[in-house]
Amino acid sequence: MHPRNLHLYFFSPTGGTQRVAGLFAENLNAADACTDITVRAEAKTFSADDCLLVFFPVYGGRVPGPCLERVRALRGTDTPAVLVAVFGNRAVDDALLEMRDTLAPLGFRVIAAAEVIAPHSVNTDIAAGRPDASDRSKIKDFCTRLASRIAADAPAGITVPGNPNYRAYNGLPLKPTGGLRCIRCGLCADNCPAGAIPKDAPQKVDKAKCISCLRCIQICPQSGRSVPLPLRLAAAATVKKYCAGRKEPKFYL
C-alpha cells in the first residue's frame with residue numbers, strides 16, 4: 001500500500017460542488033487538502049506520489065468552460081486522478097468523459113469517478129437538501145473503497161459514461177446585470193468565474209462570456225444583480241421539467 005498526498009480541487013460558483021468536496025475531504029481525512037479553483041488557479045505540477053480529485057458542476061451535460069481552463073493549468077506525472085461530477089438532478093451526460101479527456105493528455109490517469117446530486121443552481125427547489133443522509137452514506141462507502149484503490153496504486157482503465165462527440169450546449173438566457181441597488185463595489189467582477197463582468201462597469205455583463213452560474217446574484221451584498229423575472233421563471237420551469245424524479249449517485253471504480 002502506497003501513502004499519497006491528496007489534493008481536492010473544486011470549481012463551485014454557488015457552493016453546491018464545494019459542499020460535496022467537503023464531504024469527500026471529511027471521509028478521506030483530507031480536510032486541509034481542498035483548493036478552490038472557481039475564480040482562478042495557479043499552474044501546478046503533481047508527482048506520482050500525489051492524487052488529484054477534481055470536483056466540478058455539470059451545465060447542460062458539459063463541464064463549464066472556465067473550469068476546464070483552470071484544470072488545463074495543471075500537470076501530472078502519471079498522477080492518479082478521481083473525477084466527481086456534481087449535477088442538479090437531471091443528468092451528467094458527457095461531463096465525466098469530457099473531464100477525463102482533458103486530464104489524460106496532461107499526465108493524469110483516472111482511477112475512479114462519481115456522480116453526486118446537489119441543488120440545481122437555477123431552481124434550488126430541485127434536489128433541495130442533497131446530498132442527503134442516503135447520499136452521504138453512499139459517499140462514505142465509496143470513499144472507503146476509494147482510499148484502498150488510491151493506496152494500491154490502481155491503474156487507469158475505468159469506463160465513464162459519455163459520447164465522445166460531446167453534447168451541444170449553448171447555455172441559458174440568464175445573464176444577470178446590476179440594477180438601481182448596484183453600488184459598483186466590484187465584488188461580482190472580482191469573483192466572476194468567467195470574467196464576464198467589467199471591473200469599470202460592474203453593473204453590466206459580457207453575455208458572450210457569462211456562463212449563467214448566477215454566482216454574482218448570490219454574492220451581491222446589495223441584492224443588486226438579477227435577471228428579468230419572466231426569464232428566471234421560464235428557465236426554472238424548463239429545468240424542473242427535465243429534473244423530475246429522484247436521481248441517485250453513481251460511482252465508478
Side-chain angles (χ1 to χ4, degrees), residues 10-20 36 38-39 55-69 85-95 115-132 135 167-247:
F10 63 85
F11 181 92
S12 183
T14 54
T17 301
Q18 181 177 0
R19 286 190 288 275
V20 172
D36 187 350
T38 307
V39 179
F55 299 80
F56 54 95
V58 178
Y59 289 1
R62 299 288 299 278
V63 183
C67 178
L68 292 176
E69 290 176 12
V86 181
F87 69 107
N89 203 59
R90 189 190 68 81
V92 167
D93 290 317
D94 304 326
E115 304 176 8
V116 180
I117 299 88
H120 201 286
S121 59
V122 172
N123 186 343
T124 54
D125 289 338
I126 297 172
R130 309 281 302 269
D132 57 19
D135 298 324
R167 185 178 190 270
Y169 178 62
N170 297 316
L172 295 170
L174 301 177
K175 314 295 181 181
T177 55
L180 295 176
R181 292 184 179 180
C182 175
I183 60 173
R184 301 190 180 189
C185 67
L187 185 67
C188 57
D190 290 339
N191 288 276
C192 175
I197 302 174
K199 290 191 176 185
D200 58 347
Q203 74 277 15
K204 298 181 179 180
V205 65
D206 184 332
K207 293 183 178 181
K209 290 183 178 180
C210 177
I211 59 173
S212 303
C213 68
L214 309 186
R215 177 180 175 90
C216 58
I217 291 178
Q218 184 185 79
I219 67 173
C220 179
Q222 303 295 321
S223 299
R225 289 187 76 81
S226 63
V227 295
L229 183 59
L231 280 178
R232 185 72 182 262
L233 292 176
T238 298
V239 298
K240 185 175 183 179
K241 179 173 66 173
Y242 291 106
C243 299
R246 179 185 174 92
K247 308 300 192 304

How long is the straight-line distance from [atom2] of [Y] back to [atom1] of [X], given to the nearest 0.5 Å?
X	Y	atom1	atom2	answer
R232	I217	CZ	CD1	5.0 Å
Q222	L180	CD	CG	12.5 Å
L214	C210	CG	SG	7.5 Å
N191	C216	CG	SG	10.5 Å
T177	I197	OG1	CD1	10.0 Å
S121	L174	OG	CG	9.0 Å

Donor-acceptor under 3.5 Å ([X] side chain, [Y] main chain):
X	Y	value
N89	G245	yes
R90	V58	no
R167	R62	no
T38	S12	yes

Do [X] and [Y] touch side chain to side chain, with heavy atoms closer than 4.5 Å?
X	Y	answer
P193	C213	yes
F87	I117	yes
Y59	S212	no

Do you know which two heavy atoms are closest between [X] and [Y], and how far apart they sit?
X	Y	value
P119	A128	CG-CA, 4.2 Å
C243	H120	SG-CD2, 4.0 Å
I211	P64	CD1-CB, 4.3 Å
R215	V39	NH2-CG2, 4.0 Å
F11	P57	O-CD, 3.0 Å
P221	L187	CD-CD2, 3.9 Å

Residues that D135 engages under side chain to side chain donor-acceptor pair (under 3.5 Å), provided they are two or more places apart: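 Result, side chain to side chain donor-acceptor pair (under 3.5 Å) vs D135: R130.
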Any pair counted as salt bridge (Lys or Arg N to Asp or Glu O under 4.0 Å), so long as it reaches residues 181-205, sequence neighbours left out: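 Residue pairs with at least one partner in residues 181-205: D190-K199.
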